[in-house]
Enquirer: 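Take this structure first; my questions come after.
Every chain is numbered from 1, with letters handed out A, B, ... down the list of sequences.
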Protein chains: 2
Amino acid sequence: MKSTIPESGVPIAQPAAGNGGDRQEASLHGEILLRLRDYVVEGNIPEGARVPERQLCEMLGISRTPLREALKVLASEGLIELLPNRGARVRQLSARDIEELFELMAGLESLAGRLACEAITDEEITAIERLHYEMYGHYLHRDMHLYFQINQRIHESIVAAARNETLKTAYANFAGRIRRVRYAANFARKRQRWAEAMREHEAILDALRRRAGSELSDVLFQHLRNKRTAAIEHLSEDGDGTPEAARHGD
Amino acid sequence: MKSTIPESGVPIAQPAAGNGGDRQEASLHGEILLRLRDYVVEGNIPEGARVPERQLCEMLGISRTPLREALKVLASEGLIELLPNRGARVRQLSARDIEELFELMAGLESLAGRLACEAITDEEITAIERLHYEMYGHYLHRDMHLYFQINQRIHESIVAAARNETLKTAYANFAGRIRRVRYAANFARKRQRWAEAMREHEAILDALRRRAGSELSDVLFQHLRNKRTAAIEHLSEDGDGTPEAARHGD
DNA sequence: AAGCCAAAAAATGAATGCAGAATAACGTCG
DNA sequence: CGACGTTATTCTGCATTCATTTTTTGGCTT
């Protein structure tokens, strides 16, 4: 049997106690949607692999109807592809696709920064400052894993401070699409780039403190664009490997 | 009054010769999706109105299965709402929703401008200049309709020049969501605001010519933000509706 | 007559069934 | 022995059917 889906994990098919921050908790197709989305985003299905409906139905213990509804939605979100009469495949992102997504994310976060400057409270800035220093500590200790975790939280905080739910949703959507490669992108950072990123983060914080919207917008965009560049380089260097650098000890 | 959908028009239910620039032309649910999306975006269904599946099925001459798939997608696109066990409704945008969408559109177009500066050709700039002067003519003649038409094309040209299909798609998606109110937003422009918009457009063109990415990003954002403000003011002036306005198409 | 409860009708959500396409399996021919 | 054409199986796409939920309608009580 050429099961494209690893049956070992079985992260789906459980009651799924508390679902995430999305609507549609009640209906079955909504539940399925949330689980399938997570399942795909987490990378449980190899890229470009065929996703047989039958198998997923058994996995989820449901009929094909709600599953197919969920698949349509996932396709509209850009996570999977629906080939006519040939089923669903996990969307394979070309290098250009990834580049475009990074640009888009940079634009959205740049926008978030600009908006945040108009609405952010001193308390929120203080919170971000705390995160920043914590991140700096991880940087000094060369703890990439924790560093990226905090880094993520900082960027999320900025998006949250923009006070724009629509933006937040869109941001989350696109973030989901590139989540796999984003992982690689993070580890693409060499020492030098890492130091650079830290300096950029200080500039971000500085602009935020001064509520300098345009400036923050600019700095954020450049920061994320650099990240993108690093990611692209990394991807073209070695297809997928996450070598010794992946161990956060260093 | 039960039938929330005007049966007179019947713009759907035809062979639908050439469908638009989207994928999924082959499958039935894809076809349905395109038609339903247009149908909703064009404002054929009153806002907040219930959309009975049965009626749409008859209208489209299909069974409920593909229709429901299309509805799920439209919901994920934000055009309609799916209330559990209570059917689909055309999404009612609150003032805040509209504001958020305008901000988002401004951000996307601001991003487009920045990216465009890196890739745009002289020919494209010349084309936009031509559009600009044409628009200026309509401005002088106080021809709002043609003015807005050209205005739209200019903004589309900028998005196209960004060379980012993902951005373009996202832009189109959000544009669809606010298409109704956007029309109102255009006519919200009073004389004074109109002159201001013209000046801003010149600044946009100027920054574009110099390929000044950050600057163009800034100018575009402010330009669209002003537009937004005008729209919001306009909406709060005469509460809701503008049903007759929707007639004129674009 | 107004309000409320109950039963009927209709609509939604999900499962099953069926036709057509695509893939796999098989046998034949070169 | 390999390539190709044919058949069989699997899978997708849509329609139909079944089970709940909601909404309506009718009747009853106050």
Enquirer: Take atom CG of A:L33 and atom P of C:dG13, then tell me their distance rounded to the nearest Å.
Expert: 14 Å
Enquirer: Hey, is B:R163 close enough to B:E124 for a salt bridge, meaning N to O under 4.0 Å?
Expert: yes
Enquirer: Is it true that B:R91 and B:E81 make a salt bridge, defined as a side-chain N closer than 4.0 Å to a carboxylate O?
Expert: no
Enquirer: Taking the nucleotide of DNA chain C with the nearest heavy atom to each, does A:R89 or B:L83 sit closer to the 5' end?
Expert: B:L83
Enquirer: Just the atom pairs and distances: protein N or O near nucleotides 15-17 of chain C's N or O, under 3.5 Å.
Expert:
{"from": "C:dA15", "atom 1": "OP2", "to": "A:S63", "atom 2": "N", "distance (Å)": "3.0"}
{"from": "C:dA15", "atom 1": "OP2", "to": "A:S63", "atom 2": "OG", "distance (Å)": "2.5"}
{"from": "C:dA15", "atom 1": "O5'", "to": "A:S63", "atom 2": "OG", "distance (Å)": "3.3"}
{"from": "C:dA15", "atom 1": "N7", "to": "A:T65", "atom 2": "OG1", "distance (Å)": "2.9"}
{"from": "C:dT16", "atom 1": "O4", "to": "A:T65", "atom 2": "OG1", "distance (Å)": "3.4"}

Enquirer: Could you state the atom-to-atom distance from CG of B:L82 to P of C:dA11 in whole Å?
Expert: 17 Å
Enquirer: Given atom CD of B:E53 and atom P of D:dT20, what is their separation to the nearest angstrom?
Expert: 19 Å
Enquirer: Looking at CG of A:L101 and OG1 of B:T166, how far apart are the two atoms once the value is rounded to the nearest 0.5 Å?
Expert: 5.0 Å
Enquirer: Does atom CZ (B:R153) have a neighbourhood of more than 12 heavy atoms from anything else shown, all under 6.0 Å?
Expert: no
Enquirer: Considering just the side-chain nitrogens and oxygens of A:R86, establish if one lies under 4.0 Å of OP1 or OP2 belonging to C:dT23.
Expert: yes
Enquirer: Measure CD1/B:I32 against P/D:dG13 and give the value in whole Å, please.
Expert: 15 Å
Enquirer: Among B:L60, B:L74, B:V73, find the one that has a side chain to side chain contact (heavy atoms under 4.5 Å, CB included) with B:I32.
Expert: B:L60
Enquirer: So, OP1 or OP2 of C:dT12: does either fall under 4.0 Å of a side-chain N or O from B:R68?
Expert: no
Enquirer: Dot-bracket notation for DNA chain D is requested: 5' to 3', Watson-Crick or G-U wobble pairs only, both distances under 3.5 Å, with ( ), [ ], | and . as defined.
Expert: ||||||||||||||||||||||||||||||
Enquirer: Expressed in angstrom and rounded to an integer, what is the separation of A:K72 atom NZ from D:dT12 atom C1'?
Expert: 9 Å
Enquirer: Quick one: is the NZ or CZ of B:R225 closer than 6.0 Å to the six-membered ring centre of B:F102, and within 45° of its axis?
Expert: no
Enquirer: Whole Å only: how far is the CD atom of A:Q55 from the P atom of C:dT23?
Expert: 17 Å
Enquirer: A:H29 side chain N/O closer than 4.0 Å to the phosphate oxygens (OP1, OP2) of C:dA14?
Expert: yes
Enquirer: Less than 4.0 Å between a side-chain N and a carboxylate O, is that true for B:R54 and B:E58?
Expert: no
Enquirer: Consider side-chain hydrogen bond (donor to acceptor under 3.5 Å, both in side chains). Of B:H155, B:E156, B:E109, which one does B:Y171 pass it with?
Expert: B:E109
Enquirer: Could you tell me how far apart B:E69 (CD) and D:dT16 (P) are, to the nearest whole angstrom?
Expert: 15 Å
Enquirer: Between A:N85 (CG) and D:dT10 (P), how many Å, whole number?
Expert: 18 Å
Enquirer: Using a strict 4.0 Å threshold on nitrogen-to-oxygen distance, state whether B:R96 and B:E99 make a salt bridge.
Expert: yes
